[in-house]
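Count residues from 1 along the sequence. Any value given below was found using the heavy atoms of this structure, including those in side chains, with hydrogens, waters and symmetry copies removed.
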Amino acid sequence: MIKTNKAKTTLLCLSFSLVGACSTIPTSNLSPDSSSLHSSNVAIPNVPPAVSVTLDAKTTALLILDINVVICQPNPECVKTVPAISRLLSKARSSKVPVLYASTVNPAGPPPMLAPVAPQSGEPTVVARANKFTDTDLENLLKQRNVSTLVIVGSAANGAVMYSAFHANTKGFTVVVATDGISSPVLINTELAKYQLLNQPGFINSNNTPLADKRVTLSRSDLIDFR
């Protein structure tokens, strides 16, 4: 009977060109290798702790991503990061570190940033989806300011932060992410993003070596200084 059922299933799968037609095959009928993909016994890797960094104010910029009324305000986890971002922003401004913003695409125009971290005159904002370098002049704005190191905060950690950090590395920028300044609506996504930021293919810094060249370092707002 089992062999007959398998044969019928095989014939049905061959009769349709859409993959979805075979999606109801029980995982018990899959090979051992493929059924192992459904295992829930995957441990979350350890993420190294945040490290202290001292950055050259003349070649560093602070990039604040999507801390606005559409992305951040409805998300309590994001709102919790605003005080840390505000403190880091104050340190950057007092050290004359360039500050740049990125906001999300919105039919009504870029939504306003939250008041505690709102841009001041001369602090530009680019508008894009998750990767803030895509179809924007962000790279040129950074080069005009002689920037080689980026400090990134924002939401979502597994979206704008992760994709923009990776793109920055591909363009030759060294990146520092302040972990108390990033968030996602789902907590596990933030933790996984921290791991991924240190393990980007081609730009691995798995031990979180401070200021590894053209890679990401995980730090924290109180551990970041400008000189």
Side-chain angles (χ1 to χ4, degrees), residues 44 46-53 55 60-95 97-106 110-120 123-133 138 149-168 173-198 200 205 208 210 216-226:
I44 298 174
N46 290 326
V47 176
V51 295
S52 298
V53 293
L55 305 171
T60 301
L62 173 61
L63 185 57
I64 300 176
L65 311 180
D66 290 337
I67 305 300
N68 58 45
V69 299
V70 170
I71 300 296
C72 189
Q73 190 164 271
N75 174 14
E77 294 304 319
C78 184
V79 173
K80 289 178 187 177
T81 68
V82 172
I85 295 172
S86 180
R87 289 191 295 270
L88 184 58
L89 177 60
S90 294
K91 283 202 287 188
R93 284 173 173 161
S94 65
S95 298
V97 169
V99 179
L100 298 90
Y101 291 78
S103 194
T104 189
V105 174
N106 189 290
M113 297 292 174
L114 299 189
V117 296
Q120 295 181 351
E123 296 174 344
T125 300
V126 301
V127 177
R129 296 190 183 277
N131 185 342
K132 302 306 182 180
F133 285 87
L138 178 56
T149 301
L150 278 177
V151 178
I152 297 180
V153 293
S155 191
N158 62 327
V161 173
M162 192 169 72
Y163 295 123
S164 300
F166 178 76
H167 194 126
F173 295 98
T174 297
V175 175
V176 175
V177 172
T179 57
D180 56 346
I182 63 174
S183 61
S184 303
V186 181
L187 288 175
I188 188 62
N189 290 344
T190 305
E191 293 307 307
L192 292 175
K194 292 176 188 176
Y195 174 81
Q196 183 63 23
L197 285 162
L198 295 179
Q200 300 178 123
N205 184 24
N208 201 27
V216 175
T217 297
L218 297 183
S219 187
R220 206 171 56 225
S221 62
D222 60 320
L223 299 176
I224 297 173
D225 288 310
F226 306 101

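- Looking at residues two or more places apart in sequence or on another chain, you find a side chain to side chain contact (heavy atoms under 4.5 Å, CB included) between Ala130 and Tyr163.
- You'll find the side chain of Gln120 reaches within 4.5 Å of the side chain of Arg93, heavy atoms only.
- Residues Pro116 and Leu89 come closest through the heavy atom pair O-CD2, 4.3 Å.
- Put simply, the side chain of Leu55 reaches to within 4.5 Å of the side chain of Val151, judged on heavy atoms.
- Here the closest non-hydrogen pair linking Glu123 and Val99 is CB-O, 3.4 Å.
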Tell me which donor-acceptor pairs under 3.5 Å the side chains of residues 176-188 have, and how far apart each pair is, sequence neighbours excluded?
residue: Thr179; atom: OG1; partner: Ser219; partner atom: O; Å: 3.1
residue: Asp180; atom: OD1; partner: Ser221; partner atom: N; Å: 3.0
residue: Asp180; atom: OD2; partner: Ser221; partner atom: N; Å: 3.4
residue: Asp180; atom: OD2; partner: Ser221; partner atom: OG; Å: 2.5
residue: Ser183; atom: OG; partner: Ser155; partner atom: OG; Å: 3.2
residue: Ser184; atom: OG; partner: Ala157; partner atom: N; Å: 3.3
residue: Ser184; atom: OG; partner: Asn158; partner atom: OD1; Å: 3.2
residue: Ser184; atom: OG; partner: Thr190; partner atom: OG1; Å: 3.2

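- Take Phe226 and apply the ring-ring contact (aromatic ring centres under 6.0 Å, His included) test, not counting sequence neighbours, and it matches no residue.
- Using a 4.5 Å cut-off on side-chain heavy atoms (C-beta onward), Ile224 and Leu88 make contact.
- Scanning both residues, Glu77 and Lys80, for their nearest heavy atoms gives OE2-NZ, 3.2 Å.
- With a 4.5 Å cut-off on side-chain heavy atoms, Val53 and Leu223 do not count as touching.
- Of the inter-residue distances, the one linking Ser86 atom OG with Leu114 atom CG reads 10.5 Å to the nearest 0.5 angstrom.
- Residue Val79 comes nearest to Gln73 through the heavy atom pair CG2-O, 3.7 Å, listed as atom of the first residue, atom of the second, then distance.
- Here OG1 of Thr125 is found 9.5 Å from CD1 of Ile64. Values are rounded to the nearest 0.5 Å.
- Taking CG from Asn46 and CD from Glu191, the interatomic distance works out to 10.5 Å, rounded to the nearest 0.5 Å.
- Shortest non-hydrogen contact noted between Asp225 and Lys91 is OD1-NZ, 4.0 Å.
- Going from atom CZ of Phe166 over to atom CG of Asn131 covers 9.5 Å, rounded to the nearest 0.5 Å.
- Counting heavy atoms from C-beta outward, Pro111 and Thr104 have side chains that approach closer than 4.5 Å.
- The nearest pair of heavy atoms linking Val70 to Asn68 is N-OD1, 3.0 Å.
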Item to check | Chi angles and distances behind the side-chain contact (heavy atoms from CB on, under 4.5 Å) call for Leu100, Leu62 | outcome: CA-CA 6 Å; Leu100 298 90; Leu62 173 61; over 6 Å; no
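- Side-chain contact check for Leu150 versus Thr60: every heavy-atom pair is 4.5 Å or farther apart.
- Interatomic distance, Leu63 CG to Ser164 OG, rounded to the nearest 0.5 Å: 6.5 Å.
- Between Leu198 and Asn208, some side-chain heavy-atom pair lies under the 4.5 Å cut-off.
- Separating the CG atom in Asp66 from the OG atom in Ser103 is a distance of 5.5 Å, to the nearest 0.5 Å.
- Looking only at side-chain heavy atoms (C-beta outward), Val51 and Leu218 stay at 4.5 Å or farther from each other.
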